[in-house]
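Report on the structure given below.
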Amino acid sequence: MPDNKKYYYLKLKEGFFDSEDMKLLQGMKDGYVYSDILLKLYLQSLRQGGRLMYRGIVPYTPDMIATITNHQIGTVEKAMKILEQMGFIEILDNGAIYMLDIQNFIGQSSNEADRIRNYRKTINLEKTKLLEDSSVTNKTKKITNDVQMYDNCTPEIRDKRIENKDKENINIFARSSSKQNSEPEADVEALILNDGTEWKPTETLFAEYVRLYPNVDVKQQFNKMRSWCLSNQKKCKTLRGIKKFVNSWLSREQDKGYRKLQNNATCQQVTADSDYSKELFERLTNESRGDLNG
């Protein structure tokens with residue numbers, strides 16, 4: 001059923017400030033100021049569905065954000081860097097700011113999953129458009145530069161790898177996001193998220209888990225992780241944090257398997273050394289007896 005209603009209010013759960021991310025944020029120096037800026041940005045972005053652009057086309061500068069949040073410019077600049085690093089916001093090349101978790105706080109629970117998917121799709125579409133525009137601009141600049149260099153002097157060999165590093169990273173992220181949406185899910189137990197929805201890795205991601213953790217029965221561990229989610233529903237992870245949870249879990253299991261192999265190898269070595277010492281002892285004893293009898 002389509003959701004045509006416009007939401008202009010923020011609906012926070014009672015445990016919003018008890019989440020790991022918010023505790024870490026507020027535990028920083030000036031952390032309570034940063035959380036105040038975050039909430040004000042949430043509210044400011046509601047009319048655009050989580051996207052922050054003044055009148056839909058002008059990027060918000062630190063000066064503008066300082067004005068609407070009533071905080072110092074220096075504090076706002078620090079807050080924006082920290083919020084981006086912690087995954088609360090994402091800032092695109094054109095200056096658009098997306099509040100990544102806002103879809104969990106608006107609307108009704110019956111259509112949250114559809115809105116979250118559409119919201120991520122909106123971000124990815126804007127990223128793709130920026131990449132296409134950037135690619136066209138770069139090609140035009142390259143042709144112009146090549147013509148000018150040819151007219152004026154011998155063409156210079158330039159290393160563009162450093163200049164294009166950030167753009168390539170965005171390219172990889174955009175492709176991986178698109179692939180994540182289209183790939184089939186792996187045949188494993190789904191993990192329960194904190195909003196009641198379920199998550200499974202794609203077949204490609206599951207294959208990576210198997211490759212990276214060779215001492216672990218990854219499929220069996222997904223059974224255990226789901227059991228943990230059922231027993232610890234208040235500690236279930238967010239969609240943004242579930243992959244980190246899986247990696248940490250499998251890493252611990254990998255370490256356990258590695259230590260077990262090391263212990264087995266040590267026991268085998270001790271046994272071999274003991275057998276060798278026993279044979280040597282018997283030979284020396286027999287030789288000593290021969291000398292005494294001789």
Side-chain angles (χ1 to χ4, degrees), residues 1-3 13 15 19-21 49-51 86-90 92 98-129 131 168-257:
M1 180 177 179
D3 179 13
K13 298 179 180 179
S19 67
E20 182 180 10
D21 291 335
R51 182 176 184 265
M86 294 186 69
F88 286 105
I89 66 175
E90 184 169 355
L92 305 188
Y98 278 92
M99 314 302 295
L100 295 183
D101 286 342
I102 196 170
Q103 296 301 318
N104 294 323
F105 310 140
I106 61 176
Q108 301 176 358
S109 59
S110 61
N111 50 34
E112 278 184 4
D114 291 336
R115 282 203 320 280
I116 291 172
R117 281 193 294 269
N118 292 333
Y119 185 65
R120 292 303 309 178
K121 184 178 179 181
T122 300
I123 298 175
N124 291 332
L125 287 174
E126 185 161 352
K127 281 184 178 181
T128 302
K129 185 177 184 302
L131 291 173
E168 180 62 22
N169 288 339
I170 295 175
N171 241 333
I172 293 172
F173 180 82
R175 290 196 298 269
S176 64
S177 298
S178 176
K179 193 174 182 182
Q180 176 77 15
N181 292 333
S182 61
E183 277 195 12
E185 296 176 337
D187 183 20
V188 295
E189 287 292 332
L191 305 185
I192 302 172
L193 302 179
N194 67 335
D195 60 358
T197 60
E198 296 186 343
W199 175 87
K200 284 185 179 183
T202 63
E203 291 181 350
T204 300
L205 181 56
F206 180 77
E208 278 295 295
Y209 287 148
V210 173
R211 183 181 70 83
L212 294 172
Y213 304 105
N215 296 332
V216 179
D217 184 344
V218 179
K219 188 170 184 179
Q220 177 61 24
Q221 291 304 318
F222 267 86
N223 294 341
K224 294 183 178 180
M225 283 185 272
R226 180 177 177 84
S227 176
W228 183 91
C229 292
L230 291 171
S231 301
N232 300 272
Q233 294 184 8
K234 292 184 178 180
K235 297 181 180 180
C236 287
K237 307 304 176 183
T238 63
L239 180 62
R240 181 163 52 87
I242 190 63
K243 292 182 182 178
K244 181 178 179 181
F245 168 74
V246 173
N247 275 321
S248 299
W249 184 294
L250 296 178
S251 179
R252 288 195 298 270
E253 294 301 319
Q254 171 76 7
D255 291 342
K256 290 178 184 178

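Just so it is clear, the values below take in all heavy atoms, side chains as well, and ignore hydrogens, waters and symmetry mates.
- A donor-acceptor pair shorter than 3.5 Å can be found between the side chains of D195 and T197.
- For D187, the CG atom is loosely surrounded, since the number of other residues' heavy atoms within 6.0 Å does not exceed 12.
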The test is side chain to side chain contact (heavy atoms under 4.5 Å, CB included); show your working for Q220 and E253 and say whether it passes. CA-CA 11 Å; Q220 177 61 24; E253 294 301 319; over 6 Å; no

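- Across every non-hydrogen atom of N215 and Q254, the tightest pair is N-OE1, 3.1 Å.
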Take W199 and K243 through the test side chain to side chain contact (heavy atoms under 4.5 Å, CB included) and record every step on the way to the result. CA-CA 10 Å; W199 175 87; K243 292 182 182 178; 4.0 Å; yes

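- Taking CG of N247 as the reference point, atom CZ of R252 lies at 11.0 Å (rounded to 0.5 Å).
- The nearest pair of heavy atoms linking M86 to D21 is CE-O, 3.6 Å.
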Decide salt bridge (charged side-chain N to carboxylate O under 4.0 Å, His left out) for E126 and R51; before the verdict, give the C-alpha distance in whole Å, the side-chain angles of both, and the deciding distance to 0.1 Å. CA-CA 11 Å; E126 185 161 352; R51 182 176 184 265; 3.0 Å; yes

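- Electrostatic pairing of E20 and K244 does not count as a salt bridge here, judged by no charged N lying under 4.0 Å from a carboxylate O.
- With F88 as the aromatic partner, R240 meets the cation-pi criteria of under 6.0 angstrom to the ring centre and within 45 degrees of the ring axis.
- In this structure, S227 OG and K224 NZ are separated by 10.0 Å, a value rounded to the nearest 0.5 Å.
- Between C236 and N194, the shortest heavy-atom distance links the atoms O-CB, 3.4 Å.
- Nearest heavy-atom pair, I242 versus L239, reported as atom, atom and distance to 0.1 Å: CG2-O, 3.4 Å.
- Between Y209 and the choices V216, V218, V188, the side-chain contact (heavy atoms from CB on, under 4.5 Å) rule is met once, by V218.
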Show, in sequence, the C-alpha distance, side-chain angles and deciding distance for E185 and F206, and conclude whether the side chain to side chain contact (heavy atoms under 4.5 Å, CB included) test is met. CA-CA 9 Å; E185 296 176 337; F206 180 77; over 6 Å; no

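- Contact record, A190 with E198: CB-OE1, 3.5 Å, taken as the closest heavy-atom pair.
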Apply the test side chain to side chain contact (heavy atoms under 4.5 Å, CB included) to residues L100 and I123: give CA-CA distance (whole Å), side-chain angles for both, the deciding distance (0.1 Å), then the verdict. CA-CA 10 Å; L100 295 183; I123 298 175; 4.0 Å; yes

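- For W228 and F245, the ring centers are positioned less than 6.0 Å apart.
- When every heavy atom of V246 is checked against every heavy atom of F222, the shortest pair comes out as CG1-CZ, 4.1 Å.
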